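Working notes, beginning with the structure itself.
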Number of protein chains: 2
Amino acid sequence: MADPDVRERFRAFLREQNLPVTSQRLVIGDLLLNAPGHLSAEDVSSQLSEKGQVVGLATIYRTLDLLVNSGLVVERDFGEGFKRFEPARNLPHHYHLTCTVCGSVTEFLDERIEQMIRTAAAARGFVPSRHRLLVHGTCRDCRGAAPVPKRRTL
Amino acid sequence: MADPDVRERFRAFLREQNLPVTSQRLVIGDLLLNAPGHLSAEDVSSQLSEKGQVVGLATIYRTLDLLVNSGLVVERDFGEGFKRFEPARNLPHHYHLTCTVCGSVTEFLDERIEQMIRTAAAARGFVPSRHRLLVHGTCRDCRGAAPVPKRRTL
DNA sequence: TTTTGTGCAAACAATTTGCATGAGA
DNA sequence: TCTCATGCAAATTGTTTGCACAAAA
């Protein structure tokens with residue numbers, strides 16, 4: 001059920017840092033590192049509960065910090081008022097298409113956009129380290145049905 | 001001290017909506033619509049206080065909502081844990097360069113990036129409505145001095 | 001056995017809301 | 001006047017922290 005590779009990398013990280021490898025850390029790591037989507041702390045909590053693996057929210061937040069520090073997970077802020085977390089794949093930079101109707105998030109990659117951003121930043125005397133691109137709109141599935149997408153900020 | 005044009009547009013919006021034109025609404029609107037930067041609700045509050053125009057925080061938040069709904073102001077989330085607001089200039093889409101050392105925010109425009117984003121989204125069956133691009137890095141002024149920028153998330 | 005983690009509850013920060021009072025139309 | 005806004009304080013939400021107890025090394 002869990003990719004043994006990432007699981008092992010998280011254990012290795014904990015050992016390197018002389019941090020105890022606890023069952024809750026593994027359980028949270030397994031869930032998040034193999035999650036297809038972008039989970040919030042709440043999502044992690046409820047998905048674990050559903051599986052009968054109840055872990056306190058505080059522990060979840062603390063473990064999310066560890067995962068982010070390990071580099072295995074990245075933190076995302078979609079402007080929803082809370083953070084989401086996703087496994088750090090090897091994708092150098094992937095962008096997000098968010099559907100304003102169904103809320104689905106699609107990822108995509110574009111070398112040329114990436115290159116242009118780098119160039120545009122440099123032209124302004126700026127040395128870029130990382131960047132984020134967030135596109136809002138309507139996905140294929142939601143087009144046609146929805147009359148007026150519910151008014152949401154951002 | 002305030003651009004009479006945007007000020008008048010806010011009044012017009014209020015009148016259209018049959019909403020009272022109160023002194024606090026005007027004062028908040030004047031401040032924000034003529035602000036050079038990106039202000040948080042706290043910023044608005046403290047800047048008004050400095051001018052001796054004390055307005056309750058609740059009213060500030062309520063008025064920010066109005067300004068956003070009027071289309072005269074846009075809301076920004078830089079992942080700081082709170083929102084910032086800036087006047088909606090006529091710039092169709094401007095992007096942000098954030099310096100991770102001094103925190104300064106520079107805006108820029110790039111037609112070609114914009115076009116590529118549109119194309120990339122369309123190629124994935126997505127009709128884009130708006131998008132955001134956020135670039136982190138080091139600005140010209142901060143390069144050379146800072147050894148290791150303080151570790152911050154996002 | 002010593003260190004570090006865990007869960008709970010309290011603490012926090014940004015933002016929202018209920019309600020009595022006060023100002024615009 | 002009648003409606004809607006304001007200010008205050010209490011409520012809410014996402015997240016963090018202190019502390020007593022429990023589990024890893």
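Residue numbers start from 1 in every chain, and the chains themselves are labelled A, B, ... in the order their sequence lines are given, proteins ahead of strands. The model shown is predicted, which means the values in this text are computed figures rather than measured ones.
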### Query
Of all residues at least two apart in sequence or in a different chain, which pass the side-chain contact (heavy atoms from CB on, under 4.5 Å) check with Ser129(A)?
His136(B)
Can you give me the N/O atom pairs linking the protein to nucleotides 12-15 of chain C at distances under 3.5 Å, or say none if there are none?
unit_1: dT15(C); atom_1: OP1; unit_2: Lys83(B); atom_2: N; d: 2.8
unit_1: dT15(C); atom_1: OP2; unit_2: Tyr61(B); atom_2: OH; d: 2.3
unit_1: dT15(C); atom_1: O5'; unit_2: Tyr61(B); atom_2: OH; d: 3.2

## Note on the structure
For Leu133(B), the other hydrophobic cluster members (4.5 Å side-chain criterion, sorted by chain and number) are Tyr95(A), Leu97(A), Phe108(A), Ile113(A), Met116(A), Ile117(A), Phe126(A), Leu133(A), Val135(A), Tyr95(B), Leu97(B), Phe108(B), Ile113(B), Met116(B), Ile117(B), Phe126(B), Val135(B)
#### Entry: Other cluster members, Val74(A) - Ile/Leu/Val/Met/Phe/Trp/Tyr, side-chain contacts below 4.5 Å
none
Please give, in whole Å, the distance from [N] [atom2] to [X] [atom1]?
X        : N       : atom1 : atom2 : answer
Leu26(B) : dA23(C) : CG    : P     : 16 Å
Leu64(A) : dG14(D) : CG    : P     : 14 Å
Arg15(A) : dA24(D) : CZ    : C1'   : 13 Å
Arg11(B) : dG24(C) : CZ    : P     : 11 Å
Ile60(B) : dT16(C) : CD1   : P     : 13 Å
Ile28(B) : dA5(D)  : CD1   : P     : 13 Å

side-chain hydrogen bond (donor to acceptor under 3.5 Å, both in side chains) with [X]: which residues, sequence neighbours excluded?
X         : value
Arg62(A)  : none
Arg118(A) : Glu114(A)
Asp110(B) : none

Can you give me the N/O atom pairs linking the protein to nucleotides 9-12 of chain D at distances under 3.5 Å, or say none if there are none?
none

### Message
For the helix from dT1(C)-dA25(D) to dA25(C)-dT1(D), what angle separates the axis at the start from the axis at the finish, each from five pairs, in steps of 10°?
### Response
30°
Check: [Y] main-chain N/O paired with [X] side-chain donor or acceptor under 3.5 Å:
X        : Y        : answer
Ser49(B) : Ser45(B) : yes
Arg11(A) : Arg7(A)  : no
Asn69(B) : Leu66(B) : no

### Query
Taking only residues at least two apart or on different chains, which pairs with a member in residues 33-59 of chain B satisfy ring pair (Phe, Tyr, Trp, His ring centres under 6.0 Å)?
His38(B)-Phe78(B), His38(B)-His96(B)
### Query
Could you walk me through whether Arg84(B) and Asp43(B) pass the salt bridge (charged side-chain N to carboxylate O under 4.0 Å, His left out) check?
CA-CA 9 Å; Arg84(B) 290 186 176 275; Asp43(B) 290 339; 3.3 Å; yes
Between N or O atoms, less than 3.5 Å apart, protein on one side and nucleotides 2-6 of chain C on the other: list the pairs.
unit_1: dG5(C); atom_1: OP1; unit_2: Arg25(A); atom_2: NH2; d: 2.5
unit_1: dT6(C); atom_1: OP1; unit_2: Thr22(A); atom_2: OG1; d: 2.6
unit_1: dT6(C); atom_1: O3'; unit_2: Gln24(A); atom_2: NE2; d: 3.0

Name every donor-acceptor pair, under 3.5 Å, that has one atom in a side chain of residues 12-28 of chain B and the other anywhere in the protein, sequence neighbours excluded.
unit_1: Arg15(B); atom_1: NH2; unit_2: Glu8(B); atom_2: OE2; d: 2.9
unit_1: Thr22(B); atom_1: OG1; unit_2: Arg25(B); atom_2: N; d: 3.3
unit_1: Arg25(B); atom_1: NH1; unit_2: Pro20(B); atom_2: O; d: 2.7

### Query
Do the non-hydrogen side-chain atoms of Leu67(B) and Phe85(B) ever get within less than 4.5 Å of each other?
no
